[in-house]
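Inspection log for the structure reproduced underneath, given as structure tokens.
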Protein chains: 2
Amino acid sequence: MNDKSRTPYLILGLLAEGPCSGYDIRRITLSRFRFFWSESFGQIYPCLKKLERRGLIAASGKSGRGKVAWEITPDGRRAFAAWLKLEAPPETARYESILKFYFSWAMSKEDRDRLLSSFRGRQEASLKELESFREELRRIPDPHGNHDIALATIDLGIATYRAWRDWAGARLDSPARDQR
Amino acid sequence: MNDKSRTPYLILGLLAEGPCSGYDIRRITLSRFRFFWSESFGQIYPCLKKLERRGLIAASGKSGRGKVAWEITPDGRRAFAAWLKLEAPPETARYESILKFYFSWAMSKEDRDRLLSSFRGRQEASLKELESFREELRRIPDPHGNHDIALATIDLGIATYRAWRDWAGARLDSPARDQR
DNA sequence: CGGCGCATGTAACTTGTTACATGATTCC
DNA sequence: GGAATCATGTAACAAGTTACATGCGCCG
């Protein structure tokens with residue numbers, strides 16, 4: 001495991017919490033992980049096969065439909081723990097809508113407002129989704145004692161979505177004033 | 001210009017504000033754009049050549065050292081404006097340190113605190129950098145009247161860095177309590 | 001029994017990074 | 001004159017997306 005893709009570790013980490021299918025992993029990255037992670041099927045499925053070949057995960061029978069439940073092996077846990085200790089490299093980001101906002105001096109006021117308002121709407125929707133997931137998580141039992149950390153992660157997402165929504169809101173409500 | 005890379009538009013947009021070299025573009029993405037954009041030399045230089053071949057930009061002589069000053073052409077402005085009008089596709093993100101925090105139930109408390117504290121330090125440093133750039137921008141003249149929008153963009157970065165720094169700070173100062 | 005969503009898979013492609021090379025200029 | 005930084009460039013590679021194909025099971 002000396003390549004640079006993080007996909008294997010995302011998978012190992014999720015499986016370390018409990019069995020999962022490739023489809024489950026995809027759904028997780030699309031919902032509660034969305035503000036900090038993404039994966040496509042084209043990454044997930046080949047990576048699952050590769051991890052299996054290396055003995056880091058194993059298929060533990062099929063559940064409903066064609067769904068495969070994957071489990072982490074002791075070797076997998078070791079590989080995961082080793083990665084977890086490493087310092088993460090500097091982060092990079094690409095938010096096209098922020099880039100467009102930066103360039104929005106070249107737009108009409110209407111187009112800029114449309115951009116802002118659609119931005120605000122997306123943050124608002126993501127916020128609602130995370131907030132309701134947070135409530136759900138708070139209610140269900142916590143067998144492994146890791147809910148506090150999951151909740152803390154979600155709180156970071158909530159804080160981010162709120163800050164972004166409010167930022168857009170302020171530009172829409174009083175666009176001429178200089179807010180901080 | 002029917003491919004999916006946004007690099008050409010970043011370049012066109014920056015050149016639309018004034019002449020720039022490839023190195024300048026890189027520096028901009030490394031500093032004030034860092035919270036929402038990144039580019040590597042391996043993308044920038046080939047892309048500049050391609051944009052020149054297509055007549056969207058032109059080299060306007062050399063300045064100090066071997067530095068090439070690039071300018072946008074009328075065709076370039078049109079291509080830029082056309083892209084700007086399009087709705088941006090859904091955003092994806094990858095923050096390895098947040099992923100690691102999510103998985104930090106598998107860490108010792110010391111390792112988790114180290115992670116949080118290094119995270120906080122990076123947000124703090126980025127925040128300071130953006131704040132001082134903001135002050136600098138406020139002081140210099142604004143010939144094209146687009147400083148307000150640049151400042152607004154920077155404010156989003158500042159809000160993000162603050163929220164992230166404070167989130168990490170709260171987890172470090174009173175890790176047992178349930179903050180919002 | 002038709003359509004939708006679940007679920008897996010993969011091939012072709014694009015995008016982006018890394019590592020390297022080169023040379024000029026500034027500063028000590 | 002040597003080191004650091006500025007500045008450009010590219011080849012090899014890795015990573016990630018897209019578009020497709022397949023089939024099952026559930027629901028109306």
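Residue numbering restarts at 1 for every chain, and letters A, B, ... go by the order of the sequence lines.
Regarding A/Ile28, its CD1 atom lies at a distance of 14 Å from the P atom of C/dC6, rounded to whole Å. Here D/dG9 presents its P atom at 16 Å from CD of B/Glu39, a figure rounded to the nearest Å. The nearest whole Å value for the distance from the NZ atom in B/Lys50 to the P atom in C/dG16 is 10 Å. For the pair A/Arg94 CZ and D/dG16 P, the interatomic distance rounds to 13 Å; values are reported in whole Å. Atom pair B/Glu96:CD and D/dA15:C1' shows a separation of 14 Å (rounding to whole Å applied). Separating the CD1 atom of B/Ile44 from the P atom of D/dT8 is a distance of 10 Å, rounded to the nearest angstrom. When the P atom of C/dA12 is taken as reference, atom CG of B/Asp3 falls 21 Å away, rounded to whole Å. Note: NZ (B/Lys67) to P (D/dT5) measures 16 Å, nearest angstrom.
Using a 4.0 Å cut-off between a side-chain N of Lys or Arg and a carboxylate O of Asp or Glu, B/Glu131 and B/Arg134 do not qualify as a salt bridge. Electrostatic pairing of B/Arg26 and B/Glu39 does not count as a salt bridge here, judged by no charged N lying under 4.0 Å from a carboxylate O. The residues B/Lys50 and B/Asp3 are annotated as salt-bridged, a charged nitrogen and a carboxylate oxygen being separated by less than 4.0 angstrom.
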Original post:
How would nucleotides 18-24 of chain C be written as a contact map, 5' to 3', with B for base contact, S for sugar-phosphate-only contact and - for no contact, using protein heavy atoms under 4.0 Å?
Top reply: B------
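Contact annotation: A/Tyr23 side-chain N/O to C/dT8 OP1/OP2 distance is not under 4.0 Å. The side chain of A/Ser5 places no N or O atom within less than 4.0 Å of a non-bridging phosphate oxygen (OP1 or OP2) of D/dA14. When the side-chain nitrogen and oxygen atoms of A/Ser38 are compared with OP1 and OP2 of D/dG16, none of them lie within a distance under 4.0 Å. Distances shown here put a side-chain N or O of A/Lys49 below 4.0 Å from the OP1 or OP2 atom of C/dG9.
When the nucleotides C/dT8, D/dG16, C/dT15 are ranked by their closest atom to the side chain of A/Tyr45, C/dT8 comes out on top.
Side-chain atoms of A/Ser60 do not come within 3.5 Å of backbone N or O of A/Glu71 as any donor-acceptor pair. A side-chain donor-acceptor contact under 3.5 Å links A/Arg112 to the backbone of A/Ser104.
For the pair B/Pro46 and B/Asp24, nearest-nucleotide mapping onto DNA chain D gives the more 5' position to B/Asp24.
Put simply, the residue from B/Phe35, B/Phe119, B/Trp164 that forms a ring pair (Phe, Tyr, Trp, His ring centres under 6.0 Å) with B/Tyr95 is B/Trp164.
Remark: A/Glu17 engages A/Leu14, A/Asn146, B/Tyr102, B/Phe103, B/Trp105 in a side chain to side chain contact (heavy atoms under 4.5 Å, CB included) (not counting sequence neighbours).
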